[in-house]
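Each remark here refers to the structure printed beneath this line.
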Amino acid sequence: MALSIYNSLAREKQIFEPVRPGRVHMYVCGPTVYNDAHLGHGKTYVNFDIIVRYLRYLGFQVLYVQNITDVGHILDSGEDRILKGAQREQMQPMQLVEHYTRRYFADMDRLNVLRPDISPRATGHIPEMLEWIQRLIDGGHAYVADGSVYFDVSSWESYGKLSGRRLEEAQTGTRVQLADDKRAPEDFALWRKAEPEHIMRWNSPWGVGYPGWHIECTVMSTKYLGQPFDIHGGGVENKFPHHESEIAQAEAAHGEGYARYWVHNGMLMIRGEEMHKSLGNFISLEAAFERWDPMAIRFFILQSHYRGPLDLTEESLDAAARGLERLYGTVRAVRRQLESAPAGEASPETLQMLDTARNAFEASMDDDFGTPGAIAALFDLSRATNVQLGTGLTQGDLMAIDGAFKRLAGDVLGVLPDELGESDAPELSRGLIELLIETRRNLRAARAFDLADQVRDGLGALGVQLQDGPEGTSWTIG
RNA sequence: GGCGACGUAGCCAAGUGGAUAAGGCAGGGGUCUGCAAAACCCCCAUCAUCGGUUCGAACCCGAUCGUCGCCUCCA
């Protein structure tokens, strides 16, 4: 079955066909690094991480570019987030940017988000932006006004094709409240004249200034991925005006065909509302990690479809964490049993079971990266495996099952660490736990259940859970 | 006001025209166990409301109610 992707530009799912056979060039709008990353960033970059991972699983050679926005952007209010952040933290702008860039990557690492192949910074591409803007001016799609340069939206007929938004002619004749040199309110800035107090500034043919918000993505994606490239991703809230403007300025300079597939992911909600500092429901990833395992957060994100909104509550995250633990339980049991299993090849039944799971997993992923269905396939495999576990599986069987989990839950979904639980514990702890388990076994044999339970409860209070099975007692740290 | 998305069990969340509406969490009943946990088995929804289209709709169309997003920076 072929991979299909929902293309925002076409408003429908389409069979994915890369520009270059076997290769995928993909760009995703990155963060503005002026503050700590929050759960919303987590959702977005986990969503796109899955796309990259699955494309690689399918055998594509993926080149993944995600920018770092380190230029303060023009706000009509005159504020600039990076400058504000720098003032707040008593840092130079570039120092602030460096600080938060590092923290961003550290957070993403914990969520097991693979790093992009290229993380270009806006400030490193000013010359390319100047060139691009000049090309737009030369082509009659941009104009200079008092040291600033604006894209002339009226010069580009297909403006609005992504967002389905038509320009409101009603405003054209009215007086623009904002002190602007724009000819039309919908025109957007490519280059902005710097006020004297603006620290981040560069020389340009039009005077000292700084780049507009949309131009960096167009310039950097094209520079590293060519034009056209395959996939351009970002949050839905960027569809307009950001992505719409990107398309216009890209195609006005280089002709139709900027990015083939536009992929937008849904927002993360906190108890039904968008996360906002002003709403008091802002949760940084760092804070979330104190309460939940990063893997559980990742798993929670993947249990809903990337395109939909995801409503987060404490209960729903707790529920996801318990579900993930169920999957881990199976993998642990498989690995434990491997230590004492008889040699032998994987049986046809086992291979059949894995085939079924893999087919269901791929069918769901092929349908616009349906991670919820893929996870359901893993739960089905988990149950089937648990049933088989008591039937004398061979080393071949167990290795095949473990391999499937590693591939699907580990490589593709990224929710299965290489090591689970027990082996993480320091050697001394492991020795002590084993010793206590042995003692408890003797107590039980002597039918001294009170003392045996005391040992179990005591370990439980320390976070060590015991499970009695037909082949002895196993333990996990949770 | 304009554009758009959504409303599926106690909760989270798939499914978007066809035979019993995925999966997880929680809950109930069992099996196993000294007990517990884990695991396994069984049970738990007619898809916001109303009206259409169709042999057939949660899935298509219309209306209504409700929630949310974008239209200004935002992942």
Side-chain angles (χ1 to χ4, degrees), chain A residues 8 11 28-32 34-35 37-48 66 69 72-77 79-81 84 160 163-168 170 178 186 213 233-242 244 264-269 272-277 299-300 302-305 307-327 329-330 332-333 360 364 367 370-380 382-387 389-390 444 447-450 452-453 456-457 460 465-470 473-476:
Chain A
S8 300
R11 290 164 229 278
V28 171
C29 292
T32 303
Y34 69 103
N35 212 336
H38 55 245
L39 282 167
H41 291 103
K43 169 163 159 56
T44 292
Y45 299 116
V46 165
N47 285 155
F48 288 108
Q66 183 192 109
T69 295
H73 281 306
I74 328 142
L75 301 181
D76 286 332
S77 64
E79 288 182 323
D80 175 316
R81 300 160 88 116
K84 268 184 83 175
S163 57
R165 204 171 295 245
R166 255 172 251 109
L167 301 173
E168 273 141 273
L178 303 163
E186 61 271 19
W213 176 35
V236 269
E237 80 284 357
N238 279 330
K239 213 190 244 189
F240 185 91
H242 184 52
E244 192 70 64
H264 291 99
N265 72 312
M267 309 288 282
L268 180 103
M269 322 284 285
E273 287 178 310
E274 188 183 345
M275 184 162 55
H276 259 307
K277 275 199 160 160
F299 186 70
F300 171 71
L302 296 179
Q303 273 191 299
S304 75
H305 190 90
R307 256 187 304 121
L310 171 59
D311 194 23
L312 181 144
T313 59
E314 293 204 358
E315 306 77 62
S316 58
L317 237 168
D318 286 343
R322 278 192 287 271
L324 181 59
E325 196 47 48
R326 178 180 170 77
L327 245 31
T330 298
R332 266 196 212 101
S364 188
D367 184 8
T371 52
I375 287 172
L378 290 180
F379 276 115
D380 288 341
S382 174
R383 170 167 286 114
T385 299
N386 288 336
V387 170
L389 233 33
R444 292 175 70 205
R447 305 197 66 79
F449 295 121
D450 283 357
D453 289 350
R456 183 177 63 201
D457 295 345
Q465 270 76 48
L466 302 189
Q467 283 107 35
D468 296 326
T473 299
S474 59
W475 57 277
T476 55

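Letters go in sequence order (proteins before strands), and every chain restarts at 1. All values below were derived from every heavy atom in this structure, side-chain atoms included, with hydrogens, water molecules and symmetry-related copies excluded.
Classified by interplanar angle (parallel below 30°, tilted 30° to 60°, perpendicular above 60°), the ring pair A/H41/A/H38 is tilted.
A straight line from CG of A/L310 to C1' of B/C68 spans 14 Å, rounded to a whole angstrom. Atom pair A/D380:CG and B/A14:C1' shows a separation of 12 Å (rounding to whole Å applied). Straight-line distance from the CZ atom of A/R307 to the C1' atom of B/C68: 17 Å, rounded to whole Å. Between the CZ atom of A/F300 and the P atom of B/G24 there is a distance of 17 Å, given to the nearest Å. Distance CG (A/L268) to P (B/G69): 12 Å, rounded to an integer number of Å. One can place CD of A/E237 at 17 Å from P of B/C68, the figure rounded to the nearest angstrom. For the pair A/E315 CD and B/G10 C1', the interatomic distance rounds to 12 Å; values are reported in whole Å.
Spacing of P atoms, B/C59 relative to B/C6, comes out at 13 Å, to the nearest Å. Here the separation of B/A13 from B/C50, taken at their C1' atoms, is 27 Å to the nearest Å. With C1' as the reference atom, B/G27 and B/C70 are 40 Å apart, rounded to whole Å. Between the P atoms of B/C40 and B/G4, the separation comes to 47 Å (whole Å). Nucleotides B/G10 and B/C42 are separated by 22 Å at their P atoms, to the nearest Å. Nucleotides B/G30 and B/A37 are separated by 14 Å at their P atoms, to the nearest Å. The separation of B/C25 from B/A38, taken at their P atoms, amounts to 10 Å, rounded to a whole angstrom. Using atom P as the reference point in both B/G24 and B/G62, the two lie 37 Å apart (nearest Å).
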Which atoms of nucleotides 6-9 of chain B (N or O only) lie under 3.5 Å from a protein N or O atom, and what are those distances?
none

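Under 3.5 Å, the side chain of A/H305 and the base of B/A13 form no donor-acceptor pair of N or O atoms.
Among the atoms of the strands shown, none is found under 4.0 Å from any heavy atom of A/D318. Across all strands, A/G40 comes closer than 4.0 Å to base atoms (heavy-atom distances). Residue A/H242 is classed as having no contact, given no heavy-atom separation below 4.0 Å to the nucleic acid. Using a 4.0 Å heavy-atom criterion, one finds that A/S316 contacts the sugar-phosphate atoms exclusively. Residue A/L324 is classed as having no contact, given no heavy-atom separation below 4.0 Å to the nucleic acid. Among the heavy atoms of the strands, none lies under 4.0 Å from A/S364. Nucleic acid contact class of A/D457 (heavy atoms, under 4.0 Å, all strands): none.
If you check B/C65 for Watson-Crick or wobble pairing at under 3.5 angstrom, you find it paired to B/G7. Pair assignment for B/C60: B/G52, on the basis of Watson-Crick or G-U wobble contacts that are both within less than 3.5 Å.
Under the side-chain contact (heavy atoms from CB on, under 4.5 Å) rule, A/F299 has a single partner from A/L317, A/T371, A/L324, which is A/L324.
Residue whose closest nucleotide on RNA chain B sits further toward the 5' end, between A/P372 and A/A319: A/P372.
For B/A26, one of the phosphate oxygens OP1 or OP2 lies less than 4.0 angstrom from a side-chain nitrogen or oxygen of A/R322.
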Chi angles and distances behind the side-chain contact (heavy atoms from CB on, under 4.5 Å) call for A/R456, A/T473: CA-CA 11 Å; A/R456 183 177 63 201; A/T473 299; over 6 Å; no
Determine, step by step, whether A/Y45 and A/Q66 satisfy the side-chain contact (heavy atoms from CB on, under 4.5 Å) criterion, reporting the C-alpha distance in whole Å, the side-chain angles of both residues, the deciding distance to 0.1 Å, and the verdict. CA-CA 10 Å; A/Y45 299 116; A/Q66 183 192 109; 3.3 Å; yes
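Here the side chain of A/S364 pairs a donor or acceptor atom with the backbone of A/G370 at under 3.5 angstrom.
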With the sugar-phosphate defined as primed atoms, P, OP1 and OP2, and the base as all remaining atoms, what B/S/- string results for nucleotides 33-47 of chain B, 5' to 3', for protein heavy atoms under 4.0 Å? -BBBBSSSS------
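Residues A/R332 and A/E325 form a side-chain contact, since some pair of their non-hydrogen atoms from C-beta on lies under 4.5 Å apart. For the pair A/R444 and A/D468, the minimum side-chain heavy-atom distance is below 4.5 Å.
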